[in-house]
Amino acid sequence: MPTSTADPVAALFRPFTVGRLTVPNRIVMAPMTRTHSPDGVPGPDVAAYYARRAEHGAGLIITEGTVVDHPASASSPAVPRIFGAAPLAGWARVVDAVRCAGGRIVLQLWHVGTDRKPGDLPNPGVPPVGPSGLSRSGEPVTAPMTQAQIDDVIAAFAQGAADAERLGFDGVELHGAHGYLIDQFFWERTNRRTDRYGGDLAGRTRFAAEIVAACRRVVAKDFPIFLRFSQWKMDNYTAQLAKTPAELESFLAPLVTAGVDAFHCSTRRFWLPAFPDSPLTLAGWTRKLSGRPTIAVGSVGLDGPEFLDSIRTGAVVGSASLDSVVQLLERGEADLVAAGRALLADPAWTAKIRDGRHGEFVPFHVQALGSLQ
């Protein structure tokens, strides 16, 4: 039903359910790496940071990437972990704080793969790992992963999912986007394997599908598993994981079979068509082909340069009309929309939308990255 003129943002404030998770509105806080967790431990400042967004009405929070229990999973000691007594206790406090603020929170599970450089902390003597040992540009940096290494990483993701459920998170998201480990298996430039983890696009999803299946085995059947993926890479905005709808369908099908409940479709601009000759966005195509709910993300609520460009130039990014966001939901192309920079700069962004205080939005600026406001 179209949004009424009396309430132009009504579509953003309808509840939605996936698995046992029901959110009060369609606004998601996107995962954003903050590197404010010394020794991998999210502290009281991290708990307060997420709770502020929940207090001001964000329907769902997806945490920053949180590394799994594998020696090469991280490239910074300040990235939070989902292993070890202190990090687990820290995340329990985050969950409690978000709950007390009336929010819902999903933990994003992460492994950086060959984005880690030799000598990177916290384990400087541990080499990076990747499907074929290649960097995002296709240059050799380490040996291809062995089956034992693959098995260890899959087990680490599953353990992270089990611990997330035990700590009270509302679900988990697997970070399969932007050139990190799972995406390195997806991407033909970084995955040149000739075994069952390589080959065509469907074959290159096997590693992720095995992670999903392993997670599904150790959590409740109604505990939601999200998977975030992207066409583009950090160093290649024009990359296309799937060049046609048929290729996208071959990519999605094994992941659905393995147990993905919803797809988080990362784009640079959420409103752009995914393929020629169709107006459907990546979230729209994914929803159509997979039958699963989707989250749309990419410059939601912003009018200005994209994330990396705004960081490089220091440009202030103003607010955009939410009409296209509402229309995307009304067309059924996405079930949820994720905002990153808008919520980073303005913890009260959701409440201001709800209350019609659009003139009070705080613009994004690079300085917002320096603190947990």
Side-chain angles (χ1 to χ4, degrees), residues 11-12 16 18 23 25-34 50 53 58-65 104-110 171-180 182-183 186 224-234 237 239-242 248 252 260-274 280-287 290 292-311 317 319-329 331-346 349-350 353 364 368:
L12 283 167
F16 182 74
V18 54
V23 295
N25 61 59
R26 306 304 178 96
I27 296 174
V28 178
M29 180 180 181
M32 291 173 282
T33 297
R34 302 312 314 277
Y50 286 121
R53 277 73 185 171
L60 177 64
I61 291 165
I62 302 178
T63 73
E64 60 206 285
R104 301 289 181 268
I105 186 167
V106 162
L107 182 74
Q108 188 186 72
L109 301 175
W110 191 28
V172 292
E173 177 173 275
L174 306 178
H175 194 341
H178 308 156
Y180 298 111
I182 293 176
D183 193 28
F186 291 156
I225 297 175
F226 296 70
L227 185 134
R228 194 181 211 210
F229 77 98
S230 64
Q231 294 271 46
W232 63 280
K233 316 302 169 193
M234 289 293 191
Y237 280 155
Q240 282 189 294
L241 190 64
L248 181 61
L252 297 169
V260 170
D261 294 296
F263 289 97
H264 191 170
C265 307
S266 180
T267 61
R268 295 165 65 212
R269 297 182 175 95
F270 74 90
W271 61 88
L272 292 180
L280 276 182
T281 61
L282 184 62
W285 271 113
T286 299
R287 196 175 188 277
S290 71
R292 293 290 189 265
T294 59
I295 305 173
V297 68
S299 300
V300 169
L302 298 178
D303 181 16
E306 295 149 350
F307 177 70
L308 293 178
D309 292 334
S310 67
I311 300 308
V317 183
S319 300
S321 166
L322 295 169
D323 291 350
S324 58
V325 175
V326 170
Q327 291 163 10
L328 189 81
L329 294 173
R331 292 196 304 267
E333 291 193 44
D335 301 277
L336 302 162
V337 292
R341 287 173 289 167
L343 274 166
L344 186 65
D346 191 349
W349 188 72
T350 306
I353 295 171
F364 173 81

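Computed from a predicted model, the values in this text were never measured in an experiment.
- With sequence neighbours excluded, the residues satisfying side-chain contact (heavy atoms from CB on, under 4.5 Å) with Thr267 are Phe270, Leu282.
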For this session: For the pair Lys233 and Leu241, evaluate side chain to side chain contact (heavy atoms under 4.5 Å, CB included) and give the outcome as yes or no after the intermediate values.
Result: CA-CA 9 Å; Lys233 316 302 169 193; Leu241 190 64; 4.3 Å; yes
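- Interatomic distance, OG1 of Thr294 versus NE2 of His264, reported as 10.0 Å (0.5 Å rounding).
- Between Trp271 and Ser299 the shortest side-chain heavy-atom distance falls below 4.5 Å.
- A distance of 12.0 Å separates CD1 in Ile61 from CD1 in Ile27, rounded to the nearest 0.5 Å.
- Two residues are said to be in side-chain contact when any heavy atoms from C-beta on lie closer than 4.5 Å; Leu12 and Asn25 fail this criterion.
- In plain terms, the two heavy atoms of Cys265 and Ala283 that are nearest each other are SG-CA, 3.7 Å.
- Using a 4.5 Å heavy-atom cutoff, the side chains of Thr281 and Arg287 are not in contact.
- Tyr50 pairs by the side chain to side chain donor-acceptor pair (under 3.5 Å) definition with Glu64, not counting sequence neighbours.
- Residues meeting the side-chain contact (heavy atoms from CB on, under 4.5 Å) test with Ala177, sequence neighbours left out: His175, Arg228, Ser230.
- Closest of all the heavy-atom pairs between Glu173 and Val106 is N-CG1, 3.6 Å.
- For the atom pair Ser266 OG and Trp232 CH2, the distance stands at 5.0 Å (nearest 0.5 Å).
- Between the side chain of Gln240 and the backbone N or O of Gln231, no donor-acceptor pair lies under 3.5 Å.
- For Gly59 against Arg104, the heavy-atom pair with the smallest separation is O-CB, 3.9 Å.
- Between Thr350 and Met29 there is no side-chain heavy-atom pair separated by less than 4.5 Å.
- Within the 4.5 Å cutoff, the side chain of Ile62 has heavy atoms near those of the Ile295 side chain.
- For Phe16, the ring pair (Phe, Tyr, Trp, His ring centres under 6.0 Å) test picks out no residue, with sequence neighbours left out.
- Put simply, the side chain of Thr63 gets close to the backbone of Gln108: a donor and an acceptor are under 3.5 Å apart.
- Side chain of Arg268 to main chain of Gly298: no donor-acceptor pair is present (N/O by atom type, distance under 3.5 Å, no hydrogens or angles).
- Taking OG from Ser321 and CD from Gln327, the interatomic distance works out to 8.0 Å, rounded to the nearest 0.5 Å.
- From Leu109, atom CG reaches atom CD1 of Ile225 across 9.5 Å, with rounding to the nearest 0.5 Å.
- Here the straight-line distance linking atom CG of Leu174 with atom CG of Leu107 works out to 10.0 Å at 0.5 Å rounding.
- In this view, Ala342 and Leu302, Ala339, Trp349 satisfy the side-chain contact (heavy atoms from CB on, under 4.5 Å) rule, not counting sequence neighbours.
- Side-chain contact between Leu252 and Arg292: absent, with no pair of heavy atoms (C-beta onward) separated by less than 4.5 Å.
- Scored by the side chain to side chain donor-acceptor pair (under 3.5 Å) test, Ser324 finds no partners at all (sequence neighbours excluded).
- Of all heavy-atom pairs spanning Gly176 and Asp183, the tightest one is O-CB, 3.4 Å.
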